[in-house]
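Presented below is the structure to which this report refers.
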Amino acid sequence: MSVKKALPEALLNGSVMDFDSALKVVGEYGSEQKKYLYAFSLLNFFIPMQIIGLVFIGREPPVTCQNPHSESACSSTDVCNKYIYGNEFTSIVSEWDLVCDKSYKVSQLQSYLMVGVLLGNFVFGGVSDYIGRRSTFIFALIGLAVVANLSAFTHSLFFFCFLRVCIGFFVGGVGMVAYVTITECVGSSQKVFAGSMFQGVFSIGIMGFALMANFLRDWRYLVVASSFPFCFFIFIYWIVPESSRWLASQGRISEAEDILLYIAHKNGNEVKKSAIELVVPSKTISSTKSYGYTDLLKTPVLRKEMLIQAFSWFTCSLVYYGLTLSAGDIASNAYISVALSGLVEIPGIFFCVWCMDSLGRRKCMCLSMITGGFSCFLVIAFSQSGEFGKSVSVVFALIGKMGLSAAFSVVYIYSCELIPTVVRNSGIGFCSICARIAGILAPMATSLGFFNMYALFGFTSVISGVLNLKLPETFGMTSPESIDDVENRTTNKQPTSTTMVDSETVHDMEERISMLQNTDTSVT
């Protein structure tokens, strides 16, 4: 056969394939991908212990003043020189006397953590798109293991504040890169399950932390118990390879194909190397350009989608944390309260698993947000109806949190499917930054008053739900690899097997075929 016929024939026989098609060959969710998911999910069990850690390590124990003439520990007339704390548990409050006029410092520490998470999302999102998921993840994990454990041994409040910022910084990197890596290694039909399992373990981790705190009443022991396990997860570096989808998006096709063949072998699928031939993304044929945050807003379609997603993430975080703070007294026991706040998220996650595959991502996101929004309005309505009404309002507050927890699960998966591979981590990082800003503002929302606070939560949730109807449906669609894929897609057009090739690629192929023709002629 002449050389000039080889290229067209290979293309017509479909040996050149996109990444989603390649995953169907090696296995969309085989034993190897399950191993990756279980490892990252187990890690995610301990992440909420860092994010909500101050619920217990910053809890205020019963306190009195040693001065017998003082009416209370925080008397406005007598200055207390020494505080006496109850022995039920210890915390940073009893460690550094963060009571009375110093009590505001505890809430400040939570803000410091969220500022760190914001910085981590920003930095690690761009870095992982530039150097890869694997190296970025392991660096963030080692950093988290070091600073989280150090915080248990410091005797300086200033240094503890600094470490809280560092913990947030590395948590932002670990959680985001782990989630993106999981969704990139499984097929499109399994992304909902994989993403929901990852988020579900986070909720279980909240309950686990409440149980752990119930038995470990010394705050330093509690910090060590919730932080030391991170040291064991360094093994992920040796069992999880670099994201083959990211490698393909960078034009490193040979490396991506080798990893796919390795996954196929581990999945028990006998696949020959010739069976996997990834198509080179159009933008990497002539260059190996690295993408970042600025590319998210350069083109009109991607810009519109990113702004809607950013507002959705902001709303999810604002309402989620706001409802968590306002429902803190749903039980008289603090440990039960925290456990219930995690437990109520599980039904929401199960709902979104069914909803996303039945109704699609867009409708599920809209339904979850609107459910959460109207629940907030019902909290306002029933709170004025006596004791029974207050009990009902608590139920609707929990339903609202369930709706927002479902929306949080959907928005991660939805965004990963909407944002093209070349800027996926930057896009998720940008959205996470918006969510972290909302997390910082959520405690301030309580100062608006009960009615205004829930009205704010209700309106933002409903508006966000409606805006999501402006986004394209991604269920059953091929994930975009390049920014051009986003700009060229339409919401009403079903995907076909036809591969869209830009003019630069066509010109390049014509030149290559012409060269092959000349070579074949000279040989003849």
Side-chain angles (χ1 to χ4, degrees), residues 28-29 33-53 55 117 171-172 174-212 226 229-230 233 236 240 312-313 316-317 319-321 323-324 327 336-359 361 364-365 367-369 371-372 398-417 428 431-432 435 439 475:
E28 291 187 289
Y29 185 58
Q33 289 109 316
K34 289 178 182 178
K35 182 172 69 175
Y36 304 160
L37 175 60
Y38 296 158
F40 283 123
S41 296
L42 186 59
L43 169 67
N44 204 36
F45 177 85
F46 296 96
I47 293 295
M49 301 181 186
Q50 304 301 319
I51 296 178
I52 68 167
V55 170
V117 175
V171 161
V174 168
M176 180 186 61
V177 178
Y179 186 87
V180 170
T181 302
I182 287 173
T183 56
E184 287 185 340
C185 75
V186 300
S188 57
S189 64
Q190 298 296 327
K191 284 183 180 180
V192 172
F193 173 78
S196 299
M197 178 177 174
F198 186 77
Q199 295 298 322
V201 174
F202 183 94
S203 302
I204 296 173
I206 295 175
M207 294 184 285
F209 186 52
L211 180 64
M212 186 184 296
S226 59
F230 288 118
F233 287 97
I236 290 179
V240 179
S312 296
W313 283 63
C316 283
S317 182
V319 183
Y320 177 87
Y321 286 111
L323 291 176
T324 300
I336 295 177
S337 297
V338 174
L340 285 175
S341 71
L343 179 63
V344 74
E345 297 180 15
I346 304 297
I349 294 172
F350 276 112
F351 167 77
C352 79
V353 171
W354 169 83
C355 183
M356 279 191 280
D357 285 344
S358 300
L359 303 179
R361 280 57 159 158
C364 186
M365 185 68 187
L367 181 61
S368 299
M369 296 294 288
T371 298
L398 291 175
I399 293 175
K401 189 182 180 186
M402 181 177 66
L404 267 297
S405 65
F408 241 140
S409 297
V410 177
V411 78
Y412 270 94
I413 296 170
Y414 199 16
S415 293
C416 282
E417 293 178 346
I428 296 297
C431 291
S432 295
F475 177 56

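The figures that follow rest on heavy atoms only: side chains count, while hydrogens, waters and symmetry mates do not.
Inter-residue side-chain proximity for Asn44 and Tyr179 is flagged as unmet; no heavy-atom pair is nearer than 4.5 Å. In this structure the side chain of Glu184 never reaches within 4.5 angstrom of the side chain of Cys416, judged on heavy atoms. Looking at Val174 and Phe233, their side chains never come closer than 4.5 Å, going by heavy atoms from C-beta outward. Taking 4.5 Å as the limit, every side-chain heavy atom of Met402 sits out of range of all side-chain heavy atoms of Phe351. Side-chain contact between Ile52 and Phe209 is present, with heavy atoms from C-beta onward closer than 4.5 Å. Between Gln199 and Phe408 there is no side-chain heavy-atom pair separated by less than 4.5 Å.
For residues 33-49, every residue pair satisfying the salt bridge (charged side-chain N to carboxylate O under 4.0 Å, His left out) rule, not counting sequence neighbours, is listed here: Glu32-Lys35.
How far SG of Cys431 is from CE of Met176: 11.0 Å, rounded to the nearest 0.5 Å. The distance from the CH2 atom of Trp313 to the CD1 atom of Ile428 is 4.5 Å, given to the nearest 0.5 Å. Separating the CG atom in Leu343 from the CD1 atom in Ile336 is a distance of 12.0 Å, to the nearest 0.5 Å. Here Phe202 contributes atom CZ and Met49 contributes atom CE; the two are 10.5 Å apart, rounded to the nearest 0.5 Å. In this structure, CG on Leu42 lies 11.0 Å from CG on Leu37, to the nearest 0.5 angstrom. Atom CE of Met212 is separated from atom CE of Met207 by 13.0 Å, given to the nearest 0.5 angstrom.
Closest non-hydrogen pair, Ser203 versus Ile346, comes out as CB-CD1, 3.7 Å. Ser368 and Gly403 get closest at one heavy-atom pair: CB-O, 3.5 Å. Nearest heavy atoms, Cys316 versus Leu404: CA-CD1, 3.7 Å. Considering every non-hydrogen atom in both Ile206 and Ser341, the closest pair reads CG2-OG, 3.9 Å. Smallest separation of non-hydrogen atoms from Met365 and Ser312: CE-CB, 3.9 Å. Here the closest heavy-atom approach between residue Val201 and residue Ser41 is recorded as CG1-O, 2.9 Å.
Between the side chain of Gln50 and the backbone N or O of Ser226 there is at least one donor-acceptor pair closer than 3.5 Å. In this structure, the side chain of Thr371 engages the main chain of Leu367 through a donor-acceptor pair within 3.5 Å. The main-chain N or O of Cys355 is never found under 3.5 Å from a side-chain atom of Ser358 such that the two would form a donor-acceptor pair. Under a 3.5 Å cut-off, the side chain of Glu28 and the backbone N or O of Val186 do not form any donor-acceptor pair.
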Dump the intermediate steps for side-chain contact (heavy atoms from CB on, under 4.5 Å) on Met197 and Tyr38, then the final yes or no.
CA-CA 9 Å; Met197 178 177 174; Tyr38 296 158; 3.5 Å; yes
Quick one, Tyr29 with Phe193, criterion ring-ring contact (aromatic ring centres under 6.0 Å, His included). Give me CA distance, side-chain angles, the key distance, then yes/no.
CA-CA 10 Å; Tyr29 185 58; Phe193 173 78; 5.8 Å; yes
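When ring centroids are compared, Phe198 and Phe40 stay outside the 6.0 Å threshold.
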